[in-house]
Amino acid sequence: MPTPSPAAAPDVDPALADGVRRDVVAWFGAHARDLPWRHPDRTPWGVLVSEVMLQQTPVVRVEPAWRAWTARWPTPADLAAASPADVLRAWDRLGYPRRALRLQECARAVVERHGGEVPSDEEALLALPGIGAYTAAAVRAFAFGRRSVVLDTNVRRVVARVAEGAAVPAPALTVGERRLAEAFVPADDAGAARWAAASMELGALVCTARAPRCEACPVADRCAWRLAGKPGDAHAPRRRTQAWAGTDRQVRGRIMALLREALEPAPAEAVAAVWPDDAQRERCLAGLLVDGLVERVPGEDPERPRYRLPS
DNA sequence: AAACCGGGGGG
DNA sequence: CCCCCAGGTTT
């Protein structure tokens with residue numbers, strides 16, 4: 001029988017996992033932030049939009065953008081029918097504008113494949129543009145209250161500390177780590193969804209990467225990392241953060257900012273004004289055209305092209 | 001497995 | 001001022 005045992009050897013004492021789960025969920029009941037995508041009147045699509053926005057953007061900047069976005073385009077069909085230029089302007093400075101384009105592609109896929117209703121099936125979610133393993137699990141749990149293993153960087157850090165005694169999780173997600181994380185997920189839908197929300201919130205508010213507030217942690221007395229004296233990062237070669245100044249990302253950001261604000265298609269001189277290095281600027285502009293984030297406007301004079309957000 | 005993709009706030 | 005945050009897609 002190739003059927004894997006659902007009760008495979010646990011890496012963590014089930015009683016410990018159960019206690020941690022209970023106390024973290026209780027803490028969440030008292031300290032959960034009042035976020036609009038957690039309100040009872042939110043829709044599955046609203047939850048999906050919030051998750052995509054939160055993929056690389058902090059809550060404080062997502063919240064106002066989410067309110068405006070969902071008021072303007074309440075359903076997938078609404079977003080599917082919008083102009084990409086409007087979508088990119090509404091995305092404004094949330095970062096990584098390709099995410100905005102993918103979100104619209106996602107809306108169109110939801111309309112075409114699922115009759116305009118966000119699917120609750122994990123496979124169907126995973127097949128949507130811009131939806132990876134984390135977001136599929138999160139939408140399933142937070143929009144539909146269904147069981148899934150939600151493993152974002154916050155949950156990974158909480159599990160690494162409380163169960164493994166490590167300051168930070170491994171650089172890449174391993175099968176062992178996933179199995180360990182699953183030991184904390186209750187078998188029932190509602191319990192699993194609560195654990196997902198509670199463990200993420202603990203990682204975001206208390207068990208933070210840099211300055212954890214252990215004095216406010218509901219499981220500090222059982223945390224393997226704290227009991228070990230909070231040892232430093234075991235994964236020696238600390239991953240270097242991506243450079244920013246002078247990179248293509250910065251140049252692309254400047255061109256996009258120019259075109260978001262432009263009322264008319266921008267002439268090449270206006271684009272040239274945002275970055276002095278001709279070769280780099282042209283390379284970035286070409287990349288934006290390939291990505292579908294910028295459109296070249298055919299003018300009377302082929303020597304003087306103009307550029308705008310895609311219509 | 002590693003590189004690419006923005007933008008802002010905290011220490 | 002430097003440092004940090006973070007998931008999906010592409011190669």
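- In this structure, A/L293 atom CG and B/dG6 atom C1' are separated by 12 Å, rounded to whole Å.
- A salt bridge links A/R38 with A/E201: the distance from a Lys NZ or Arg NE/NH1/NH2 to an Asp or Glu carboxylate oxygen falls below 4.0 Å.
- The distance from the CZ atom of A/F144 to the CD atom of A/E122 is 12.0 Å, given to the nearest 0.5 Å.
- When heavy atoms are screened at a 4.0 angstrom cut-off, A/A172 is found touching no nucleic acid atom at all.
- Contact annotation for A/P58: no contact, since no heavy-atom pair falls under 4.0 Å across all strands.
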Given pairs defined as Watson-Crick or G-U wobble with both distances under 3.5 Å, what dot-bracket annotation applies to DNA chain B, with ( ) intrastrand, [ ] crossing, | other strand and . unpaired?
|||||.|||||
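- Ring-plane geometry between A/W195 and A/F184 is classed as parallel, the angle between the planes falling under 30 degrees on a 0 to 90 degree scale with a further cut at 60.
- Side-chain polar atoms of A/E51 and A/Y134 form a donor-acceptor pair below 3.5 angstrom.
- Taking every side-chain heavy atom of A/R249 into account, B/dC5 is the closest of B/dC5, C/dG7, C/dT9.
- Between A/D152 atom CG and C/dC5 atom C1' there is a gap of 12 Å when expressed in whole angstrom units.
- At a threshold of 4.0 angstrom between heavy atoms, the contacts of A/R252 are confined to the sugar-phosphate backbone, with no base atom among them.
- Between the P atoms of C/dT11 and B/dG6, the separation comes to 15 Å (whole Å).
- Nucleotides C/dA6 and B/dA2 are separated by 16 Å at their C1' atoms, to the nearest Å.
- Distance noted for atom P between C/dG8 and B/dG8: 23 Å (whole Å).
- Between A/R283 atom CZ and B/dC4 atom C1' there is a gap of 13 Å when expressed in whole angstrom units.
- Heavy atoms of A/I131 sit under 4.0 angstrom from primed sugar atoms or phosphate atoms, though from no base atom.
- A/A209 comes within 4.0 angstrom of the backbone, heavy atoms only, and of no base.
- Put simply, the side chain of A/M200 does not reach to within 4.5 Å of the side chain of A/V158, judged on heavy atoms.
- Remark: the A/Q56 side chain and the C/dG7 base include a donor-acceptor N/O pair separated by less than 3.5 Å.
- The two residues A/P169 and A/E177 have their closest heavy-atom pair at CB-OE2, 3.9 Å.
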